[in-house]
Each structure stands twice: as C-alpha cells, then as structure tokens.
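Order of the sequence lines sets the chain letters (A, B, ...), proteins ahead of strands, with each chain counted from 1. For clarity, every value in this text was computed on a predicted model and none was experimentally measured.
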There are 2 protein chains.
Amino acid sequence: MRVTLKDIARETNLSVTTVSLVLNQKECRVSDSTRSLILKTAEKLHYYPNQLAVGLVKQETKTIGLIIPDISNHFFANLALGIDDEMLKHDRNIILSNTNDRPERDLKSIQVLKSRGVDAIILAMASNVDQTHIRSYKYIIDTSPIPIITVDRCNPAFNCSALKLNNKKGAYNAVSYLLSLGHKNIVCITGPANSDSTQERLAGYEWAYRDAGVSLPEKYVFHGDYLKQSGNEAMKQILQETKATAVFAFNDLMALGAYHCLRQEGLSIPEDMSIVGFDNIDFSDMLEVPLTTVNQPTYEIGREAAKRALLEITSPEAEKQTISFEPHLIIRKSTAKPR
Amino acid sequence: MRVTLKDIARETNLSVTTVSLVLNQKECRVSDSTRSLILKTAEKLHYYPNQLAVGLVKQETKTIGLIIPDISNHFFANLALGIDDEMLKHDRNIILSNTNDRPERDLKSIQVLKSRGVDAIILAMASNVDQTHIRSYKYIIDTSPIPIITVDRCNPAFNCSALKLNNKKGAYNAVSYLLSLGHKNIVCITGPANSDSTQERLAGYEWAYRDAGVSLPEKYVFHGDYLKQSGNEAMKQILQETKATAVFAFNDLMALGAYHCLRQEGLSIPEDMSIVGFDNIDFSDMLEVPLTTVNQPTYEIGREAAKRALLEITSPEAEKQTISFEPHLIIRKSTAKPR
DNA sequence: TTGAAAGCGCTAACAT
DNA sequence: ATGTTAGCGCTTTCAA
C-alpha cells in the first residue's frame with residue numbers, strides 16, 4: 001500500500017474529498033482543470049485504492065468466498081473456473097478454501113471468510129457429514145448475515161439457495177439405459193452413505209428398476225468415497241460377491257478405479273462388465289474404453305452459482321431458490337448388452 | 001460484520017483497548033476475572049474480528065494472491081492445492097485469479113491483488129508473452145513492494161524468486177531414453193514458441209541428441225499450445241510430413257491429443273509410434289496405453305512456493321532465489337523400440 | 001490493571 | 001466548486 005489519497009491531495013493542494021470524488025467518477029461538481037490535474041497526478045504516482053479501507057467503510061469488499069472439498073478434483077476445479085469467470089465480469093475476486101472434505105473445515109472456513117468480509121459464500125459441503133454437523137451447518141447458514149449459496153452438495157433443510165444436478169434423474173437415466181440393454185444385475189458404487197447425492201442417485205437407481213418392472217438384485221450397494229481407489233476396491237468386492245454384469249459408479253473417478261481393477265483381473269469392458277460413470281470429467285472419453293457417463297455441466301453450474309450469489313448480494317430479500325440442472329447421459333463404449 | 005469490539009466493551013463496561021488486548025492473547029497485564037469475563041462475552045456474542053480493520057492497521061492481511069492461467073488445468077489445480085494446504089497451516093488465505101493465459105490479465109491481476117492488500121503474490125505467468133509484456137512484467141515485479149514469486153513460467157531477467165522444474169533436464173531424460181531405445185527420428189510437440197519452458201525443453205531435446213552423437217532430424221519442431229486439441233493437430237501433421245517413430249509431447253494433454261489422432265488413424269502405441277509426455281497428470285497412467293512421461297511434482301512445487309512466499313514476507317531482505325525441481329522420467333507402456 | 005487518543009485509508013454527509 | 005468532519009473496526013502508544 002504505497003500512495004494514498006492523501007499523497008495526491010498534498011501534491012495537488014486539494015482536499016482528500018475532492019480527490020476521492022474525482023477518482024470515483026463522482027465528478028459532477030468538480031472543475032475540469034482540477035479533475036484532469038488529479039487524474040494526471042494519480043497516474044504519475046501510480047495510485048491504486050486500498051480496498052481494505054474501501055471495504056471497511058462501504059461494508060462491502062467485492063470478494064466472495066468459495067469453499068470446496070478439493071480444487072484438484074476436476075469437478076470442483078471446473079466449478080471454480082465458472083465462478084471465477086463470472087465474478088471477473090463483475091470485478092469481484094474469490095477467496096478459495098479447500099476443506100479436504102472435512103466438515104469442521106467447512107464450518108471454520110465460513111467463519112474465516114466472514115471475518116475477511118466476503119460479500120457472499122459459495123459452499124460445496126463436505127460429503128461425510130453427520131447429524132451434529134448438519135445442525136451446525138443449519139444454524140450457521142440460517143443465521144448468516146451474508147448470502148450462502150450451496151452447490152452440488154446441499155441439504156433441503158437449510159434456508160439457502162442451492163444449485164445442483166438432478167441426481168435422481170441422472171441415475172435414473174443411467175440405470176434405465178443399462179436395463180434397456182438387457183442387464184438385470186446392476187450394482188452401484190456409491191459415494192459416502194450419508195451424502196445427499198448418494199441417497200438421490202440410489203433413489204434414481206431404484207426408480208429405474210421399478211419403472212422397468214425388474215426386481216432389484218439381492219445386493220447392489222457398494223460404498224465408495226468418490227475417490228479412485230475406492231472404486232478399485234469396490235470392484236474387487238463386486239467380482240467376489242456378485243454376478244453383476246454392469247456397474248454404475250456414482251462418479252467417474254471411481255469408475256476409473258473399477259477399470260483399473262478389471263484390467264488387473266484380465267477382464268474386458270464392456271464384454272465382461274458394462275460400466276457407467278457420473279460427472280463426465282475431461283478424461284472419460286480418453287480411456288482405453290471411453291466411458292459412458294452422466295454429464296454434469298459443472299462450469300455452467302459455477303457460473304449460475306456466481307450469478308445467484310451476485311443477485312442475493314444486491315437483493316438480500318430475494319427468495320431462496322433451488323436450481324436444478326438436468327443431467328444428460330453420454331453413451332460411449334463402456335456399455336453393451338450382457339453376454 | 002456483526003459484533004464489534006465496541007459491543008463487547010459496552011457489554012462488559014470495559015474499554016475497547018482491554019478487550020482487544022485480551023482477545024489477542026496479549027493479556028499479560030489484565031486481571032484473570034476481567035479476562036474471563038471478556039472471553040465469555042465474546043463467545044456469547046459470537047464475536048469474530050473484522051480482518052479488514054485488522055489488515056488496515058497492521059498493514060498485513062494474511063492473504064496471498066495466486067495468479068494462474070487456468071484452475072481447471074490439472075497442473076495448476078495441484079499447484080493451487082499445494083499452496084493452499086501450506087497456507088492453511090499458517091492461517092492464511094489465497095485469493096485466486098484465473099487469467100485464461102492472457103498476459104494483460106496477469107498484469108491487471110497483480111494490480112487488483114495489491115489493491116486488496118495481499119502480502120505476497122504467487123504468479124504463474126501466461127505462456128504467450130511478447131517483449132512488450134515482458135517489459136511490463138519486469139517493471140512491475142522489480143518495483144513491487146510485496147514479494148512476487150513466480151512458478152513454472154518465469155523469466156531469468158526478473159528480480160524475483162522462481163520455482164520451476166528443470167525443464168531442460170526433463171526433456172533430456174525423455175529424449176535420451178527414446179534414443180537409447182533406438183529411435184533416431186524423434187519429433188516434438190511444443191508449447192507456445194516464445195515460452196521459456198518450450199525453449200528449455202527444446203534445448204534439452206537437442207542436448208540429448210548431441211550427447212548421444214546422433215544427428216538431428218530434418219524437421220522436429222511442431223508447435224502446440226499445451227491444449228489437447230493442438231496435440232491432435234500436430235500429430236496429424238507429423239504423420240503427413242515426417243517419418244518419425246517417436247513423439248515427445250511437451251505436456252500430457254497434448255500427448256493425449258496425439259493418442260486420439262493415432263487411434264483415429266488406426267495406428268498403435270507404441271508399435272507404430274512411441275509417445276512421451278510431460279507433467280504426469282493423474283490420468284496418464286489410466287490411458288489405453290499408460291503414458292511414459294516426465295513427472296512434475298506439482299503439489300510439492302506449490303508447497304515450496306508458499307513457503308518461499310511466507311519467508312519473503314517475513315524477511316523482505318532475503319535474497320531472491322531460483323529453486324529448481326528435478327524431473328523424473330516415469331516409464332510406462334507408450335514407449336518401445338522402433339520396429 | 002485499565003483507558004484515552006490517535007490513526008490505518010477511505011467515503012459521505014454536511015458545510016462553505 | 002471544494003473542504004470539514006466523522007466514522008468504518010481495529011491496534012497501539014502513552015497516560016492514569
């Protein structure tokens with residue numbers, strides 16, 4: 001923080017007020033000569049405003065907080081990019097906070113970001129929350145003086161806007177497709193059991209079976225944690241314990257883990273096993289066998305979340321809104337009729 | 001910004017000074033009873049400090065700026081994660097700025113972040129800079145009142161610390177390996193022509209040939225832009241214009257594009273063409289043919305960059321330092337003897 | 001052991 | 001057309 005308004009005021013023999021007025025384009029009542037003098041001096045001195053001071057008096061910092069589990073995850077990286085691109089248009093910056101999927105860090109981060117005066121927070125909650133956490137989240141969100149927008153992971157009990165994929169529909173589409181190919185024994189590799197997305201995708205799975213009039217397999221739920229390794233391990237278990245002909249992984253990363261396991265076991269996709277993923281990350285069409293998956297318009301969700309945050313900043317009275325994005329099944333080479 | 005020190009002072013009938021003293025652990029000269037009263041009241045009122053105000057008076061915000069071309073790129077995402085993890089340990093936050101690889105946005109972002117009072121900036125420059133840009137960067141960096149640390153992309157003329165992979169050595173390793181397999185006609189898919197990393201890797205390529213006493217192919221430079229599509233297009237050109245038996249792509253993304261092209265053409269890796277990449281992104285070992293590539297310890301570079309920034313914040317007089325990370329060739333299945 | 005006062009850099013009513 | 005003043009929330013001498 002080098003040059004201040006005061007420096008310019010001294011240099012030009014004018015008051016700080018006048019300088020402030022001019023530099024903020026509120027120049028209506030300032031003579032052209034002084035205005036250009038100020039502008040010139042500011043330029044010469046390389047002046048730029050101290051946004052801390054501005055934020056302090058205006059009670060608005062033009063920053064927004066972004067809390068996500070892990071920026072190195074493609075999903076969240078694209079989300080962040082969408083948000084940042086939109087924010088850039090509005091001269092806002094984002095303060096990033098990775099939580100490593102830990103609920104306590106979500107909670108802590110909300111506090112820290114408020115401390116930093118962010119005008120809004122966009123939150124992708126940790127996936128492994130228990131009831132105690134939920135209560136904390138709910139209290140913090142419901143009483144928050146600034147808008148908190150949840151994305152991807154959310155809870156209907158919270159009084160906040162939420163943007164998310166229609167998970168149930170996505171799972172429904174995926175499983176319906178597998179059923180239509182003739183698979184009867186389709187198993188799932190889920191995310192953490194208590195996460196909403198897991199619950200919703202499971203519901204979509206069951207809905208598809210019901211809708212097709214096919215009876216559910218005896219055991220079809222295998223728990224993962226959205227990381228690659230868990231997909232690998234779940235797949236091993238599936239091979240041992242079931243006669244499944246198709247696997248619906250609740251994200252692409254775990255589908256990748258499943259690929260890995262199948263390759264290790266010398267099995268082929270889709271001949272020995274059909275696989276469907278969820279997310280459509282960059283690489284899912286670059287695999288040995290391009291992955292059939294449910295597309296999630298992540299970048300777009302980020303942009304919309306940003307827009308929503310902006311809206312709620314300017315209109316705090318706006319009704320909280322749940323915005324649903326429609327999924328789209330992308331059929332590639334990892335799925336075929338069972339043999 | 002709800003509750004302030006003043007509120008606590010009023011509630012406890014003490015002065016703002018005392019409250020501040022206690023809440024900042026500078027409690028040496030405060031009686032135990034008042035101290036616990038203050039602590040209790042702060043708790044009750046859900047007080048948390050306004051960091052804008054703190055930053056304003058302390059001239060330090062405990063934030064650092066991160067400027068990168070694109071957070072959705074695996075390389076930068078991992079870099080960001082490394083930085084954020086390290087910063088978290090020191091109770092600092094990062095303000096993120098994506099530039100879409102545009103030099104003007106780098107320059108603008110430095111300004112904006114300074115305006116926001118960041119204590120340091122970690123900068124991964126845009127790759128397509130011209131001489132005019134370089135001059136601007138140099139001026140801004142050399143005269144910056146706060147430390148600016150460059151990562152990955154940098155320029156030796158700047159007076160700032162730089163962290164980067166030993167690109168020349170990485171390329172040398174990759175090409176030496178291909179030569180040792182018996183390839184004579186190895187071509188490159190480079191990044192933007194005027195980027196340092198491209199120049200360095202090219203130098204490493206030539207060094208390897210020189211070192212092996214093999215004469216350089218007639219044409220071996222094919223320009224890409226570090227994006228997948230450019231790898232695809234370069235590969236097409238290579239197939240048309242050369243008799244290359246091996247391709248060294250300057251990053252994995254372009255190697256992926258090359259894979260795609262080869263698959264389209266019905267050619268096999270490594271039988272018809274050996275491929276080596278650079279970066280070792282997550283997915284390079286999950287491909288149809290796992291990719292031989294030069295590992296770049298991105299997360300680690302991020303952490304070290306963060307440490308360096310922290311050090312230069314506390315010791316502004318510290319000598320600027322260039323920190324080099326040693327590359328490591330990971331041999332997988334995309335390389336074999338030429339046939 | 002505690003408090004008063006000044007000031008960080010800026011904005012905005014309210015003079016003049 | 002321009003300046004005075006107060007104050008955003010906090011820290012930090014200095015005084016009591």
Need to verify one output field. Residue with the more 5' nearest nucleotide on DNA chain C, D32(B) or K6(A)?
D32(B)
Sorted by first residue and then second, give each salt bridge (Lys or Arg N to Asp or Glu O under 4.0 Å) pair with at least one member in residues 3-15 of chain A; sequence neighbours left out.
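As it turns out, the salt bridge (Lys or Arg N to Asp or Glu O under 4.0 Å) pairs with a partner in residues 3-15 of chain A, which skip direct neighbours, are D7(A)-R10(A), E11(A)-K44(A).
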Can you measure [X] atom [atom1] to [N] atom [atom2] for me and round it to whole angstrom units?
{"X": "E60(B)", "N": "dT11(D)", "atom1": "CD", "atom2": "P", "result": "13 Å"}
{"X": "Q51(A)", "N": "dC8(C)", "atom1": "CD", "atom2": "C1'", "result": "15 Å"}
{"X": "L52(A)", "N": "dC8(C)", "atom1": "CG", "atom2": "C1'", "result": "10 Å"}
{"X": "N50(B)", "N": "dG7(D)", "atom1": "CG", "atom2": "C1'", "result": "14 Å"}
{"X": "L23(B)", "N": "dT12(D)", "atom1": "CG", "atom2": "P", "result": "14 Å"}
{"X": "L37(B)", "N": "dT1(C)", "atom1": "CG", "atom2": "P", "result": "16 Å"}
{"X": "L5(B)", "N": "dC8(D)", "atom1": "CG", "atom2": "C1'", "result": "13 Å"}
{"X": "I8(A)", "N": "dG9(C)", "atom1": "CD1", "atom2": "C1'", "result": "12 Å"}

Check ion pair E104(A)-K108(A) (N to O, under 4.0 angstrom)
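Judged by the 4.0 Å cut-off on N to carboxylate O distance, E104(A) and K108(A) do not form a salt bridge.
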Inspect the contact between E86(A) and K89(A) and indicate whether a charged nitrogen and a carboxylate oxygen are less than 4.0 angstrom apart.
yes
Would you mind telling me which of [options] lies closest to the side-chain atoms of [X]?
{"X": "P49(A)", "options": "dC10(C), dT2(D), dC10(D)", "value": "dC10(C)"}
{"X": "Q59(B)", "options": "dC10(D), dC8(C), dG9(D)", "value": "dC8(C)"}
{"X": "A53(B)", "options": "dT11(D), dG9(C), dC10(D)", "value": "dC10(D)"}
{"X": "K58(A)", "options": "dT2(D), dG9(D), dA12(C)", "value": "dA12(C)"}

Write out a two-atom table: protein N or O, nucleotide N or O from nucleotides 3-5 of chain C, distance below 3.5 Å.
residue	atom	partner	partner atom	Å
dG3(C)	OP2	S15(B)	N	2.8
dG3(C)	OP2	S15(B)	OG	3.2
dG3(C)	OP2	T18(B)	OG1	2.9
dA4(C)	N7	T17(B)	OG1	3.4
dA4(C)	N6	T17(B)	OG1	2.7

Ignoring hydrogens, what is the shortest heavy-atom contact between T18(B) and S15(B)? Give both atom names and the distance.
OG1-OG, 3.0 Å
Decide yes or no on side-chain hydrogen bond (donor to acceptor under 3.5 Å, both in side chains) for N155(B) and Y137(B), but give the supporting numbers first.
CA-CA 9 Å; N155(B) 187 300; Y137(B) 279 110; over 6 Å; no
R116(A) and its side chain to side chain contact (heavy atoms under 4.5 Å, CB included) partner, picked from I95(B), L52(B), N50(B), N93(B):
N93(B)
